[in-house]
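In what follows, chains are A, B, ... by sequence order, proteins preceding strands, each numbered from 1. Atoms considered below: every heavy atom in the structure, side chains included; atoms not considered: hydrogens, waters and symmetry mates.
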There are 2 protein chains.
Amino acid sequence: MASSGLLTRPLYLQVRDALAARIANGGWKPGKPIPNELDLAREYGVSSGTMRKALDLMEGERLVTRQQGRGTFVNDQTSEELSLRFSAIRDASGGRIAGQVELGEITEGTANELECARLRLQAHDHVYRVHCTRLHEDRPFMVEEASMPAALFPRLREINGFPHQIVALAQKNGILVGKAEERISVCAATPAVAEALRVAPSTPILALDRVMLALDGRPIEWRLGQCNLTAHHYLVEIS
Amino acid sequence: MASSGLLTRPLYLQVRDALAARIANGGWKPGKPIPNELDLAREYGVSSGTMRKALDLMEGERLVTRQQGRGTFVNDQTSEELSLRFSAIRDASGGRIAGQVELGEITEGTANELECARLRLQAHDHVYRVHCTRLHEDRPFMVEEASMPAALFPRLREINGFPHQIVALAQKNGILVGKAEERISVCAATPAVAEALRVAPSTPILALDRVMLALDGRPIEWRLGQCNLTAHHYLVEIS
DNA sequence: AAGTGGTCTAGACCACTCA
DNA sequence: GAGTGGTCTAGACCACTTG
């Protein structure tokens, strides 16, 4: 039984935070099972109902997957299903496409004005910047420039080949991914973009301005994408 | 205690269905309170925990709103907040815009091929079709054509001035709105669209293809919209 | 003070998976 | 058959709103 002062957050939220921290800091590994509800309830000194409520929450946040008769497992955010969930672009048959990535340069610098606004940084904070082109069936469909707060990704340089996969990067740096907000507009392809996407100049292009947020609400990536939708579409589910 | 056969759906889902039906058929009115948890639990012969789980579900489905100390209220889907939730188009300051509607003609006919596909109808089912233009601050920003299965809206003709507001229409016809799926693509404005939107021909336009579904999954509306995004943007939250 | 929803407990039993 | 999560019960007590 935890302390129950007057202004305390509900127990199940405190328990959720403790379990989430254990996933973030690597105590529990992606793909591996965690102890069963009853053991966890005893360990944290709460009832099984409260532990269940915490785990239900975490399942909704895609931190764990529960399977009747098998157990509760830490989600691997780099799995196809989970890492693709932020790719709203679909091919003709409706499947999500992430694309093969043709990596441009990775640079580091101080945040510019827009980066400060989107990533809630101070003027002299550092960011990593990544350019890339995404291909689907050998055809480029999107060019993108992404910026990430350098302070959040101390291990960026260690990881080979993943600076374009924000959810993988976050997982390796102990960040729990929450949600993304994407602003969509349209424009005509500039000559440079037209060349990169191999379309005629001034072809109508989908412009994507996306901010990815951690579960705690911190912005972790800002991405500008320009996308040729002639062979694809962008699918949104609104509920 | 309800019957507990072997292949029955969980009790809390059965209870949810019963309560939802009571909202759909008008037994409980939008904006009005429903009985408290304990009374409902007694009425349906379930424990308060089970009733609570059913009500939690319904809150997530936006059928009711619960307020500690006040009660549980049937949501009015025509409220600004709820009716705007499917309008992803935002003005410069980030607010959702529905627009003033300039209504075109309303017609009835048999479903064409696309309508059959999108609305899951048979070849000779009837549909209502509505054309309209949406204005924001006196400027047109979207033209749209919507189709609805005539069978689902027996009371369409009775209702003055709402055939463009699908959630209001659904509520009056005893349909519980679930979610929408919107396919986004880009195109150049055709001369007709350019004139309606008062933009230059071949201006890049956002094309929206949206199917609205009832809570039970039945398609209730298919809408094609063409949208001038020069002063606005489309905002998606992906979780 | 009375009435509401929100949290929390301590169980029982069911359904499913797997060795 | 042993172990897991899923459902369901019958309470107690807390936090909030309203008269």
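- A donor-acceptor pair under 3.5 Å is formed between the side chain of B:Arg96 and the backbone N or O of B:Ser87.
- One atom, CG of B:Leu40, and another, P of D:dT9, lie 14 Å apart when rounded to the nearest Å.
- If you measure from atom CE of A:Met51 to atom P of D:dT4, you get 14 Å, rounded to the nearest angstrom.
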Let's go through A:Gln100 and A:Asp138 carefully: what are the C-alpha distance in whole Å and the side-chain angles of both, what is the deciding distance for side-chain hydrogen bond (donor to acceptor under 3.5 Å, both in side chains) to 0.1 Å, and is it a yes or a no? CA-CA 8 Å; A:Gln100 297 299 313; A:Asp138 296 325; over 6 Å; no
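- Between the OG1 atom of A:Thr50 and the CG atom of A:Leu40 there is a distance of 13.0 Å, given to the nearest 0.5 Å.
- As rounded to whole Å, 17 Å separates atom C1' of C:dA15 from atom CZ of B:Arg9.
- In B:Glu43, the CD atom is crowded: over 12 heavy atoms of neighbouring residues, nucleotides or ligands sit closer than 6.0 Å.
- Contact annotation: A:Ser48 does not reach the phosphate of C:dG11 (side-chain N/O to OP1 or OP2, under 4.0 Å).
- Here A:Ser47 does not reach the OP1 or OP2 of C:dG11: none of its side-chain N or O atoms lies under 4.0 Å away.
- By the ring pair (Phe, Tyr, Trp, His ring centres under 6.0 Å) test, A:His232 is found to be paired with A:His136, A:Phe141, residues two or more places apart in sequence or in another chain being considered.
- Rounded to whole Å, the distance from NZ on A:Lys32 to P on D:dT4 is 17 Å.
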Which atoms of nucleotides 4-6 of chain C (N or O only) lie under 3.5 Å from a protein N or O atom, and what are those distances?
unit_1: C:dT4; atom_1: OP1; unit_2: B:Asn36; atom_2: ND2; d: 2.9
unit_1: C:dT4; atom_1: OP2; unit_2: B:Asn36; atom_2: ND2; d: 3.0
unit_1: C:dT4; atom_1: O2; unit_2: B:Gly69; atom_2: N; d: 3.1
unit_1: C:dG5; atom_1: OP1; unit_2: B:Thr72; atom_2: OG1; d: 3.0
unit_1: C:dG5; atom_1: OP2; unit_2: B:Glu37; atom_2: N; d: 3.1
unit_1: C:dG5; atom_1: N2; unit_2: B:Gln68; atom_2: NE2; d: 2.8
unit_1: C:dG6; atom_1: OP2; unit_2: B:Arg52; atom_2: NH1; d: 3.4
unit_1: C:dG6; atom_1: OP2; unit_2: B:Arg52; atom_2: NH2; d: 2.3
unit_1: C:dG6; atom_1: OP2; unit_2: B:Arg66; atom_2: NH1; d: 3.2
unit_1: C:dG6; atom_1: O4'; unit_2: B:Gln68; atom_2: NE2; d: 3.2

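- In this structure A:His126 satisfies the ring pair (Phe, Tyr, Trp, His ring centres under 6.0 Å) test with no other residue, sequence neighbours excluded.
- Counting to the nearest Å, the P atom of C:dC14 and the CG atom of B:Leu11 are 14 Å from each other.
- Put simply, CZ on B:Phe73 is 12 Å from C1' on C:dG3, counting in whole angstrom units.
- In this structure, B:Leu13 atom CG and D:dT7 atom P are separated by 8 Å, rounded to whole Å.
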